[in-house]
Amino acid sequence: MSFTSKLIDWYQSNKRELPWRARKDPYAIWLSEIILQQTRIEQGLKYYEAFIETYPTVFDLAKAEEEDVLKLWQGLGYYSRARNLHHTAISIVETHKGIFPENHSGLMKLKGIGDYTASAISSICYNEPQAVVDGNVYRVLSRVFGIFTPINSSQGAKEFKTLAQKLIDTKQPGEFNQALMEFGATHCKPQNPGCEHCVFSSTCVALKKEFVMQLPVKTGKTKVRKRYFNYLVLVSDDEKTILEKRTEKGIWKNLYQFPLIEKENSSKITFEEVEKCFPEIEIDSVTVHNEIPLTHKLSHQHLQIQFWVASTAALGEKGLPISKINELPVPIVIHNFIVDFSF
DNA sequence: AATCCGGGGAA
DNA sequence: TTCCCAGGATT
């Protein structure tokens, strides 16, 4: 029996019930695929439900404010996905009359949709034989076929796409794609794969040669930048504070945070620095909230963060009622502080 | 071809 | 700690 037949058979008796599998309309599939980029199903599931509930159609999403979309996305990370999601919803409504492109190349033109997502949507919704290649596919194919080409190289990307394309079930490409990913996610796992009772045990090259744990091959290691953040938590007598929008490129674009003083090292900020930050405001006192900086790890940055609580009589124009801060999208580390501090 | 972009769960 | 997750955009 062929690889493809074995895989489809395995899928039919092992697939999980997931909400987006109950439908084939491009809006739901698109939404689920964007949410699931670099995100485990268990983590993305709640967000999918919330988005479908809040924005049932692409028209509802297009009508929304970006700030509200980011608020619903809060905590999921990679926020450019949310900004592009909103941007593309508007684009589909305004220039495609609310109708999604119905093939791979048309989908590829949309912001936030690359080869993987275009393949997923076109295969599931339109039965177009486009093979998806995600982390699961790299792992399964590299093991079963014994491929040592690094998956994070341009040659590897081409090689695995070509192989998956050769294997795809052209009669049911969407089922094949989901089967391959499901098999990688639940059976051919990175750690403790179920090799002892596997439908490919008789032909798997990695299993026969005992290379399973060496595959897939991934080269290089990501360099991590250290940064030192000092957040100024202003608190006025009339229960207001200040949150600012991050508008520059980089992490957390268009999310809100307390006024930030970034330093080159772990040296502490001074009262004078705080005053210089707000020339028009009379600061009464500044006390550190966490003496020991908390470490917040991102994929390319390690942030050492200290919160400083600054008391003042009034905040003027920029003052935001503390009762309203939970309406704004914030990085999870800011959210955690707000919950813990409880003003 | 490299680098950037989050947060969380598992071992 | 380290790895990696239904990747894509930018440089």
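Reckoned from all heavy atoms, side chains included, excluding hydrogens, waters and symmetry mates. Every chain is numbered from 1 and lettered A, B, ... according to where its sequence line falls, protein lines coming before strand lines.
- The separation between A:L70 atom CG and B:dG6 atom P is 11 Å, rounded to whole Å.
- The closest side-chain donor-acceptor pair between A:S91 and A:T88, if any, does not fall under 3.5 angstrom.
- Both A:L298 and A:E42 lie near DNA chain B, and the one whose nearest nucleotide falls closer to the 5' end is A:L298.
- The base of B:dC5 does not come close enough to the side chain of A:R81 for any donor and acceptor atom to sit less than 3.5 Å apart.
- Between A:I34 atom CD1 and C:dC5 atom P the separation is 18 Å, expressed in whole Å.
- Residues from residues 136-150 of chain A placing a heavy atom under 4.0 Å of any atom in DNA chain B do not occur.
- Ring orientation note: the planes of A:F343 and A:F258 are tilted relative to one another, at an angle of 30° to 60°.
- Applying side chain to side chain contact (heavy atoms under 4.5 Å, CB included) to A:T312 and the options A:I242, A:D237, A:V235, A:I281 leaves one that passes, A:I281.
- Between C:dA6, B:dG8, C:dA9, one nucleotide has an atom nearer to the side chain of A:N84 than all others, and that is C:dA9.
- One can find a donor-acceptor pair under 3.5 Å joining the base of B:dG6 and the side-chain atoms of A:Y78.
- Using the six-membered ring where Trp is involved, A:F337 and A:H289 have ring planes that are perpendicular, over 60° apart on the 30 and 60° scheme.
- The distance between atom CG of A:L45 and atom P of C:dA6, rounded to the nearest whole Å, is 13 Å.
- One can place NZ of A:K189 at 15 Å from P of C:dC4, the figure rounded to the nearest angstrom.
- Remark: A:K249 is in phosphate contact with C:dT11, judged by side-chain N or O atoms under 4.0 Å from OP1 or OP2.
- Applying the 4.0 Å criterion to OP1 and OP2 of C:dG7, one finds that A:Q38 has a side-chain N or O inside that range.
- Ranking C:dG8, C:dA6, B:dT3 by closeness to the A:L36 side chain, first place goes to C:dA6.
- Per the geometry, CD belonging to A:Q155 stands 13 Å off P belonging to B:dA2, to the nearest Å.
- With both ends at atom C1', the span from B:dC5 to C:dC4 equals 15 Å, rounded to whole Å.
- A:K253 has no side-chain polar atom (N or O) that falls below the 4.0 Å cut-off from OP1 or OP2 of B:dC4.
- A centroid separation of 6.0 Å or more is found between the aromatic rings of A:Y231 and A:W308.
- Regarding contacts with the backbone of B:dC5, a side-chain N or O of A:Q301 is found under 4.0 angstrom from either OP1 or OP2.
- Aromatic ring centres of A:F183 and A:F200 lie closer together than 6.0 Å.
- The aromatic rings of A:W73 and A:Y47 are tilted relative to each other, their planes meeting at an angle between 30° and 60°.
- Using a 4.0 Å heavy-atom distance criterion, A:D115 is classed as a sugar-phosphate-only contact.
- In this structure, the side chain of A:D169 does not engage the main chain of A:F176 through any donor-acceptor pair within 3.5 Å.
- Taking atom CH2 of residue A:W73 and atom C1' of nucleotide B:dC5, one finds them 13 Å apart after rounding to whole Å.
- Neither OP1 nor OP2 of B:dG6 sits under 4.0 Å from any side-chain N or O of A:H296.
- Rounded to an integer number of Å, the gap from A:R225 CZ to B:dC4 C1' is 10 Å.
- When heavy atoms are screened at a 4.0 angstrom cut-off, A:S80 is found touching no nucleic acid atom at all.
- B:dG9 sits 24 Å from C:dG8 when the P atoms are compared, rounded to a whole Å.
- Between A:W252 and A:H296, the angle of the ring planes lies from 30° to 60°, which puts this pair in the tilted group.
- Which of B:dA11, C:dA6, B:dT3 sits closest to the side chain of A:K223 comes down to B:dT3.
- Side-chain proximity of A:K297 to the nucleotides B:dG8, C:dT2, C:dG7 is greatest for C:dT2.
- Atom CE of A:M213 is separated from atom P of B:dA11 by 11 Å (rounded to the nearest Å).
- Taking side-chain N and O atoms only, A:T117 has a distance below 4.0 Å to OP1 or OP2 of C:dG8.
- When the nearest nucleotides of DNA chain B are assigned to A:T39 and A:K221 by heavy-atom distance, the more 5′-ward of the two goes with A:K221.
- Along DNA chain C, the nucleotide closest to A:L18 and the one closest to A:G112 are compared, and the more 5′ of them pairs with A:L18.
- A distance of about 22 Å separates the C1' atoms of C:dA6 and B:dA11, rounded to the whole Å.
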